[in-house]
Number of protein chains: 2
Amino acid sequence: MVFKRTHQDGDKNMKMTPQRMAILEYLEGNTAHPSAADIYKAISERFPTMSFATVYNTMDMLKEKGMVLELAIDPDKKRFDPNPAPHHHLICVHCKKVVDIHSSFSLDLSENERNSFDIIGNHVDFYGICPQCKKKNKSGQQVK
Amino acid sequence: MVFKRTHQDGDKNMKMTPQRMAILEYLEGNTAHPSAADIYKAISERFPTMSFATVYNTMDMLKEKGMVLELAIDPDKKRFDPNPAPHHHLICVHCKKVVDIHSSFSLDLSENERNSFDIIGNHVDFYGICPQCKKKNKSGQQVK
DNA sequence: CCATAAATTAGAATTATTACAATTTAATAA
DNA sequence: TTATTAAATTGTAATAATTCTAATTTATGG
């Protein structure tokens, strides 16, 4: 995904600040699935005044805009994926490295992917709205 | 999975305490994928002295024994699955309810599952050991 | 340049989890 | 039984990730 770096970015209410620019730049093409701390560390080198709150605020905004996904891959912290297109992951259970899978069909790994990782299992999550929430949702409420 | 409730449980070094008994009882057949807080809340009603540390200790032990899985489904907290057999999940993005899927093949949902949830997407995680860790692992080290 | 809504910031507060050290207890064997 | 002892439990402190807050700064539009 390509990020535009102007305030015209589909939303007049979105200010383009140097901090945001740095975050967008850092995320663009980044396939490391960084955590908030990763982002903070990388950016604060050039922006010593950068605050953690800004990282979280910006990621919230990008999530709402659908520009990044929040991953629940690591039980210890949130990690972000700047590639919002549907895809899957290859996760190293030792170092927690996360590699994108771009196969057309979920369980069909490329030869390369298959050979590089020793795969010990897989897990499929289906996301959706359960019957109870379907009902509730008609009356407008939203669970965080 | 059936939990035995004696100290013979495959490991002489495992003591069977009332607290553990209560936790095992609570987990047995539990399909709600409870968090540590859920477990604590349920058990501490009968065991007012129960400590959070005991919940975490016990879950660690059960994880090591392969009796529960730690799920990374909820970015906000760990949740536990007392069903260690390979299976997949149906997750409500509103209320975070997690329902087990017992289809023989991952992407083949039963009619019932399909009809109850409005499915808006799926995500496949493959777990394995990456090439770098394969090498490192030969020299014995383990990443938490 | 001004006005203003939005963003940034430092730091406090909260939540989940882990670490620790003292006390208690289950299991074993005498 | 009871004594021994390693393991479990407990309260509390410490840590880590995240969220909240209120004051200050800044990007944008006029």
Side-chain angles (χ1 to χ4, degrees), chain A residues 4-24 26 33-65 67-68 70-80 96 143-144, chain B residues 4-24 26 33-41 43-44 46-65 67-68 70-80 96 143-144:
Chain A
K4 293 186 206 152
R5 294 216 201 62
T6 78
H7 62 283
Q8 325 290 5
D9 199 9
D11 187 346
K12 293 278 183 191
N13 289 347
M14 176 188 170
K15 284 188 186 178
M16 191 46 55
T17 66
Q19 293 90 335
R20 285 184 173 177
M21 218 125 120
I23 291 177
L24 292 179
Y26 174 76
H33 308 78
S35 65
D38 293 333
I39 298 169
Y40 174 79
K41 213 181 302 170
I43 311 264
S44 61
E45 285 175 7
R46 290 178 219 172
F47 282 81
T49 71
M50 160 74 70
S51 154
F52 248 108
T54 298
V55 175
Y56 282 107
N57 288 342
T58 303
M59 297 318 286
D60 269 354
M61 190 204 61
L62 294 176
K63 267 192 286 177
E64 271 167 35
K65 288 183 158 302
M67 293 166 85
V68 303
E70 180 182 287
L71 303 183
I73 268 177
D74 185 335
D76 292 331
K77 61 180 95 67
K78 290 172 186 168
R79 288 175 66 170
F80 299 96
K96 303 274 180 73
V143 181
K144 183 208 139 187
Chain B
K4 292 185 206 152
R5 292 213 204 64
T6 79
H7 61 285
Q8 324 291 8
D9 200 9
D11 188 344
K12 292 276 183 191
N13 290 346
M14 178 186 168
K15 284 190 188 175
M16 191 47 55
T17 66
Q19 293 89 337
R20 281 183 177 179
M21 219 125 117
I23 291 177
L24 291 180
Y26 174 76
H33 308 79
S35 65
D38 293 333
I39 298 169
Y40 174 78
K41 214 182 300 170
I43 311 264
S44 61
R46 291 178 217 172
F47 282 81
T49 72
M50 160 74 71
S51 154
F52 246 108
T54 298
V55 175
Y56 281 108
N57 288 342
T58 303
M59 298 317 286
D60 268 355
M61 191 205 59
L62 294 176
K63 267 192 286 176
E64 271 167 34
K65 288 183 160 300
M67 293 165 85
V68 303
E70 179 183 289
L71 302 183
I73 267 176
D74 185 335
D76 292 330
K77 62 179 93 68
K78 291 171 185 169
R79 290 174 67 168
F80 298 96
K96 303 273 181 76
V143 181
K144 184 207 139 186

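All heavy atoms count here, side chains included; hydrogens, waters and symmetry mates do not. Here is how names work: the chains are called A, B, and so on, in the same order as the sequence lines, proteins then strands, and each is numbered from 1.
- In this structure, the helix from C:dC1-D:dG30 to C:dA30-D:dT1 shows an angle of 30° between the axis at its start and the axis at its end, each fitted on 5 base pairs and rounded to 10°.
- In this structure, B:M16 atom CE and C:dT24 atom C1' are separated by 17 Å, rounded to whole Å.
- Side-chain contact check for A:L71 versus A:H33: some heavy-atom pair is nearer than 4.5 Å.
- The closest side-chain heavy-atom distance from A:M59 to A:V68 is below 4.5 Å.
- Contact annotation: A:K78 side-chain N/O to C:dA16 OP1/OP2 distance is not under 4.0 Å.
- For the segment residues 36-48 of chain A, the set of residues with a heavy atom within less than 4.0 Å of an atom of DNA chain C is empty.
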message: Before you tell me yes or no, could you show the steps for B:M16 and B:L24 under side-chain contact (heavy atoms from CB on, under 4.5 Å), namely the whole-Å CA-CA distance, both residues' side-chain angles and the distance that decides it to 0.1 Å?
response: CA-CA 10 Å; B:M16 191 47 55; B:L24 291 180; 4.0 Å; yes

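- Comparing C:dA16, C:dT8, D:dT28 by their nearest atom to the side chain of A:T58 picks out C:dT8.
- As rounded to whole Å, 8 Å separates atom P of D:dT9 from atom CE of B:M50.
- Remark on DNA chain C: of its neighbouring residues B:Y56 and B:P18, the 5'-side contact belongs to B:Y56, judged by nearest-heavy-atom nucleotide.
- Remark on DNA chain D: of its neighbouring residues B:F52 and A:N57, the 5'-side contact belongs to B:F52, judged by nearest-heavy-atom nucleotide.
- Following rounding to the nearest Å, B:M59 (CE) and C:dA16 (P) show an atom-to-atom distance of 16 Å.
- B:T54 comes within 4.0 angstrom of a nucleotide base, judged by non-hydrogen atoms across all strands.
- Checked by distance alone, B:K15 brings a side-chain donor or acceptor within 3.5 Å of a matching partner on the base of C:dT25.
- The NZ-C1' distance, from A:K77 to C:dT15, rounds to 17 Å in whole Å.
- Residue pairs meeting the side-chain hydrogen bond (donor to acceptor under 3.5 Å, both in side chains) criterion with at least one partner in residues 50-61 of chain B, sequence neighbours excluded, are B:D60-B:K63.
- For A:P18, the side-chain contact (heavy atoms from CB on, under 4.5 Å) test picks out A:F47, with sequence neighbours left out.
- Straight-line distance from the CG atom of B:D60 to the C1' atom of C:dA19: 12 Å, rounded to whole Å.
- If you take CG of A:D74 and C1' of C:dT17, they are 13 Å apart, rounded to a whole angstrom.
- From A:E70, atom CD reaches atom CG of B:D76 across 7.0 Å, with rounding to the nearest 0.5 Å.
- For the pair B:D76 CG and D:dT18 C1', the interatomic distance rounds to 9 Å; values are reported in whole Å.
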task: Take A:E45 and A:M50 through the side-chain contact (heavy atoms from CB on, under 4.5 Å) test and state the conclusion after the steps.
output: CA-CA 9 Å; A:E45 285 175 7; A:M50 160 74 70; over 6 Å; no

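- Between A:T17 and D:dA27, a side-chain N or O to OP1/OP2 separation shorter than 4.0 Å is absent.
- Proximity note for B:Q19 (side chain, C-beta onward) versus D:dT9, D:dA27, C:dG11: the nearest is D:dT9.
- Put simply, B:T49 has a side-chain N or O that comes within less than 4.0 Å of OP1 or OP2 on D:dT10.
- Checked against ring-ring contact (aromatic ring centres under 6.0 Å, His included), B:Y40 has the following partners two or more places apart in sequence or in another chain: B:F52.
- Shown here are the side-chain contact (heavy atoms from CB on, under 4.5 Å) partners of A:S35, two or more places apart in sequence or in another chain: A:A37, A:D38, A:K77, A:R79.
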- request: With side-chain contact (heavy atoms from CB on, under 4.5 Å) as the test, would you mind laying out the steps for B:K96 and B:I73 before giving the verdict?
  value: CA-CA 9 Å; B:K96 303 273 181 76; B:I73 267 176; over 6 Å; no

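- Rounded to an integer number of Å, the gap from A:K63 NZ to D:dT19 C1' is 11 Å.
- Of all nucleotides listed (C:dA26, D:dC20, C:dA7), C:dA7 comes nearest to the side chain of A:R20.
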